[in-house]
K.L.:
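Sharing a structure below in structure tokens format, with a few things to ask.
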Amino acid sequence: MLLTVLYDDGCPLCRTFSGWLSRQPVLVPIDLVPAGSWAARKRFPDLDHERTLVEVTVVSDSGEVWEGAHAWVMCLWATTAHRSLAESLARPSRLPMARGAAHLAAGIRSAMSGLPRRDRTTTCTDACCRTTS
């Protein structure tokens with residue numbers, strides 16, 4: 001299995017997370033690809049690439065797609081050190097905690113939204129910057 005993580009390369013938090021993820025020992029190989037990039041569009045022509053810029057997205061080599069909290073859990077699941085945490089967070093009763101962690105990250109991302117973004121506006125409008133009901 002190979003997991004491709006589509007992350008917003010224009011967001012300081014997403015770049016930091018992707019850097020952290022790239023340094024983790026993994027049980028499942030991870031390919032980090034900037035969301036909306038030519039490479040992402042070529043590999044996944046059927047994805048809504050505008051949405052991948054708004055929601056972190058993970059795609060397996062068999063075509064499964066995870067977004068938002070589920071995608072964050074899949075990123076953790078691929079790592080050696082955090083698989084057990086991911087399996088715990090993936091339970092229906094605990095997924096709200098994963099969602100909460102994603103919202104915490106969103107809050108940090110929102111606070112960082114004044115930092116320079118690459119190739120786009122300096123205002124972060126991505127879904128991970130706002131809480132959803």
Side-chain angles (χ1 to χ4, degrees):
M1 173 185 263
L2 168 72
L3 296 178
T4 300
V5 178
L6 301 172
Y7 68 98
D8 182 356
D9 192 38
C11 168
L13 180 65
C14 293
R15 286 194 313 268
T16 299
F17 176 73
S18 67
W20 173 85
L21 191 56
S22 72
R23 293 186 302 275
Q24 298 303 302
V26 294
L27 298 167
V28 175
I30 296 174
D31 189 16
L32 296 160
V33 176
S37 67
W38 178 85
R41 292 173 191 278
K42 182 177 180 192
R43 287 177 62 183
F44 308 108
D46 295 332
L47 278 182
D48 177 350
H49 290 279
E50 292 306 310
R51 184 165 173 77
T52 67
L53 287 165
V54 184
E55 288 281 353
V56 64
T57 304
V58 175
V59 183
S60 75
D61 56 359
S62 62
E64 295 169 286
V65 178
W66 297 272
E67 296 179 328
H70 294 282
W72 293 106
V73 168
M74 286 306 295
C75 290
L76 292 175
W77 180 82
T79 67
T80 303
H82 304 289
R83 179 167 278 188
S84 62
L85 173 62
E87 289 172 345
S88 176
L89 290 172
R91 295 183 188 140
S93 64
R94 296 200 176 150
L95 193 57
M97 282 193 287
R99 216 171 262 117
H103 285 221
L104 176 61
I108 294 168
R109 187 173 178 187
S110 179
M112 295 174 72
S113 67
L115 295 176
R117 292 171 57 89
R118 292 186 187 165
D119 302 320
R120 288 202 304 275
T121 177
T122 58
T123 303
C124 185
T125 59
D126 296 354
C128 70
C129 292
R130 4 176 241 281
T131 57
T132 56
S133 47

K.L.:
When rounded to the nearest 0.5 angstrom, what distance separates CG in L21 from OG1 in T16?
P.N.:
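One finds 12.5 Å between CG of L21 and OG1 of T16.
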K.L.:
Quick one: ring pair (Phe, Tyr, Trp, His ring centres under 6.0 Å) pairs with a partner in residues 11-30, sequence neighbours left out?
P.N.:
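Only F17-W20, F17-W72, W20-H82 qualify under ring pair (Phe, Tyr, Trp, His ring centres under 6.0 Å).
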K.L.:
Closer than 3.5 angstrom, by distance alone: can the side chain of T4 be matched with the main-chain N or O of L2 as a donor-acceptor pair?
P.N.:
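Flag not set: sc T4 to bb L2 has no pair under 3.5 Å.
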K.L.:
Looking at every heavy atom in both P34 and A40, which two are closest together, and how far apart are they?
P.N.:
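What the structure gives for the nearest pair is O-CB, 3.7 Å.
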K.L.:
Quick one: list whatever passes salt bridge (charged side-chain N to carboxylate O under 4.0 Å, His left out) with R94, sequence neighbours left out.
P.N.:
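R94 satisfies salt bridge (charged side-chain N to carboxylate O under 4.0 Å, His left out) with no other residue.
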K.L.:
In the structure I gave you, are the side-chain heavy atoms of L3 and V26 within less than 4.5 Å of one another anywhere?
P.N.:
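No. Closest side-chain heavy atoms not under 4.5 Å.
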K.L.:
Using the rule side chain to side chain contact (heavy atoms under 4.5 Å, CB included), only one of T79, V73, L76 pairs with L85; which is it?
P.N.:
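That would be L76; it is the only one of T79, V73, L76 passing the side chain to side chain contact (heavy atoms under 4.5 Å, CB included) with L85.
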K.L.:
Could you see if V5 belongs to whatever hydrophobic cluster contains V33? Use Ile, Leu, Val, Met, Phe, Trp, Tyr and a side-chain cutoff under 4.5 Å.
P.N.:
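Different clusters: V5 never reaches V33 through Ile, Leu, Val, Met, Phe, Trp or Tyr contacts under 4.5 Å.
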K.L.:
What's the separation between atom CG in L32 and atom CZ in R15, rounded to the nearest 0.5 Å?
P.N.:
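Between atom CG of L32 and atom CZ of R15 there are 13.5 Å.
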K.L.:
Spell out, yes or no, whether V56 and I30 are grouped together once hydrophobic residues are joined by side-chain heavy atoms under 4.5 Å, including indirect joins.
P.N.:
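Yes; tracing contacts between hydrophobic side chains, which count when under 4.5 Å, links both residues.
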K.L.:
Would you indicate whether the side-chain heavy atoms of V58 and C75 approach each other to under 4.5 Å?
P.N.:
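A side-chain contact exists here, since the closest heavy-atom pair is under 4.5 Å.
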K.L.:
Taking salt bridge (charged side-chain N to carboxylate O under 4.0 Å, His left out) as the cut-off, I'd like each qualifying pair that reaches into residues 37-48, sequence neighbours left out, listed once.
P.N.:
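Residue pairs with at least one partner in residues 37-48: D31-R43, R41-E50.
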K.L.:
Work out which heavy atom in S60 is nearest to a heavy atom in M1; give both atom names and the distance.
P.N.:
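Closest pair (atom of S60, atom of M1, distance): CB-CE, 4.3 Å.
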K.L.:
For the hydrophobic clusters of this structure (ILVMFWY residues joined by side-chain heavy atoms under 4.5 Å, transitively), does one cluster hold both W38 and F44?
P.N.:
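Per the 4.5 Å side-chain linkage, W38 and F44 are not co-clustered.
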K.L.:
Go through the steps to decide whether R83 and V28 satisfy the test side chain to side chain contact (heavy atoms under 4.5 Å, CB included), and finish with yes or no.
P.N.:
CA-CA 10 Å; R83 179 167 278 188; V28 175; 3.4 Å; yes
K.L.:
Measuring from atom NE2 of H70 to atom CD of E64, what distance do you get when rounded to the nearest 0.5 angstrom?
P.N.:
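Rounded to the nearest 0.5 Å, the NE2-CD separation comes to 12.5 Å.
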K.L.:
Hey, any chance M97 and W66 share a hydrophobic cluster, counting ILVMFWY side chains that come within less than 4.5 Å of each other, even indirectly?
P.N.:
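Both belong to a single hydrophobic cluster.
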K.L.:
How far apart are the closest heavy atoms of T52 and G36, and which atoms are they?
P.N.:
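The pair with the smallest heavy-atom distance is OG1-N, 3.8 Å.
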K.L.:
For T80 and P25, indicate whether the former's side chain and the latter's backbone hold a donor-acceptor pair under 3.5 Å.
P.N.:
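Yes; at least one donor-acceptor contact below 3.5 Å.
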K.L.:
If only atom types and distance count, is the side chain of D8 paired as donor or acceptor with the main-chain N or O of C14 below 3.5 Å?
P.N.:
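Here the side-chain-to-backbone pair does not exist.
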